[in-house]
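Below is one structure, written out as structure tokens; the observations come after it.
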Amino acid sequence: MKYYILFGPPGAGKGTQATAMAEKFNLCHISTGELLRAEIKAGTELGRQAAALINDGKLVPDRVVEAMIAGKFNSVKDVDGFLLDGFPRTLDQAEALDEMLEEEGEEVTAVVSIMIPDETIVRRIQGRAAIEGRADDADLSVIEHRIETYHAQTEPLIAYYQAQDKYRQVDGTGTVEQVREEIFKIL
Ligand code: ATP
Ligand code: MG
């Protein structure tokens, strides 16, 4: 089984690229952001707790997202691998993932990172706010807090995966097609 991680700051275009990658390589696309938004929409207790954090630009607790990922690994069949989008986002999550995979005799195949500068993040997220209607996209201070959260908690994962020689980076500022071509070359 392949286990790809799609990495990058908020608004990098992970969701957009994930769809094309999953289709071409027969991967199960797991987006923790989408799973959490589904919980919010369904009005579950988990969704209520997550909404408060997400709409403040904070991360949801590690154990919550780790359990979501484990549940997917155990239930999805008939794929050549998994494409993790938005997970791991902290070192704790990265270590939990390594443990989950090790139990199955598996490991992370590669980390594909879509990189864009902070100014582009703000412009992109503000641009999609009207289209997608996400509460966490609508407010500039929330976007700024998400960028801070990314630099503080998620960026350290780059060194974590570089140390394992699994980190690959593409320039995320090009068109959707250009970024897709770069990613396909890596895979
Ligand atoms: P992109 O636009 O590149 O898809 P994004 O950061 O805008 O990325 P999501 O990945 O959908 O959007 O995440 C939305 C929010 O859900 C995050 O800001 C965070 O609060 C929460 N979240 C998603 N994944 C995790 C995770 N692995 N750990 C903790 N919180 C998470
Ligand atoms: Mg997303």
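Only this structure's heavy atoms are used, side chains among them; waters, hydrogens and symmetry mates stay out. Atoms within a ligand are numbered from 1 in the order they appear, just like the ligands themselves.
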Which residue holds the protein heavy atom closest to [atom], what is that atom called, and what is the gap in Å?
{"atom": "atom 13 (O) of ligand 1", "value": "Arg89 NH2, 3.5 Å"}
{"atom": "atom 8 (O) of ligand 1", "value": "Lys14 NZ, 3.2 Å"}
{"atom": "atom 7 (O) of ligand 1", "value": "Arg128 NH2, 2.6 Å"}
{"atom": "atom 18 (O) of ligand 1", "value": "Arg146 NE, 4.0 Å"}
{"atom": "atom 30 (N) of ligand 1", "value": "Val60 N, 3.0 Å"}
{"atom": "atom 4 (O) of ligand 1", "value": "Gly15 N, 3.8 Å"}

Determine whether the aromatic ring centres of Phe82 and Tyr4 lie less than 6.0 Å apart.
no
Determine whether the aromatic ring centres of Phe184 and Phe25 lie less than 6.0 Å apart.
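Close enough - the centres of the two rings lie under 6.0 Å apart.
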Under 4.0 Å from a heavy atom of [X]: give me the atoms of ligand 1 that qualify, with their elements.
{"X": "Ala12", "answer": "3 (O)"}
{"X": "Pro9", "answer": "3 (O)"}
{"X": "Thr32", "answer": "23 (C), 24 (N), 25 (C), 27 (N)"}
{"X": "Gly13", "answer": "3 (O)"}
{"X": "Gln93", "answer": "26 (C), 27 (N), 28 (N), 29 (C)"}

Strictly below 4.0 Å, N to O, side chains only: are Arg146 and Asp56 in salt-bridge contact?
no
Contact between [X] and [Y] at the side-chain level, heavy atoms closer than 4.5 Å - yes or no?
{"X": "Thr109", "Y": "Met1", "answer": "no"}
{"X": "Val111", "Y": "Arg168", "answer": "no"}
{"X": "Gln49", "Y": "Glu45", "answer": "yes"}
{"X": "Asp98", "Y": "Gln164", "answer": "yes"}

Check contact between Leu36 and ligand 1, using heavy atoms of the residue and a distance below 4.0 angstrom.
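Flag set, Leu36 near ligand 1.
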Go through the side-chain N and O atoms of Gln169 and Tyr167 and say whether any donor and acceptor fall under 3.5 Å apart.
yes
Does one side chain, of Gln153 or Thr90, offer a donor that lies under 3.5 Å from an acceptor on the other?
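No, no side-chain donor-acceptor pair sits under 3.5 Å.
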Examine the proximity of ligand 1 to [X] and report which part, side chain or backbone, both or neither, has a heavy atom under 4.0 Å away.
{"X": "His145", "result": "neither"}
{"X": "Lys58", "result": "backbone"}
{"X": "Arg134", "result": "side chain"}

Please check this pair: side chain of Gln178 against backbone of Thr175, looking for a donor-acceptor N/O pair closer than 3.5 Å.
yes
Taking Asn55's backbone N and O only, do any of them form a donor-acceptor pair with Lys58's side chain (distance below 3.5 Å, no angle check)?
no
Heteroatom proximity flag, [X] to ligand 1, N/O under 3.5 Å:
{"X": "Val65", "result": "no"}
{"X": "Gly86", "result": "yes"}
{"X": "Arg37", "result": "yes"}

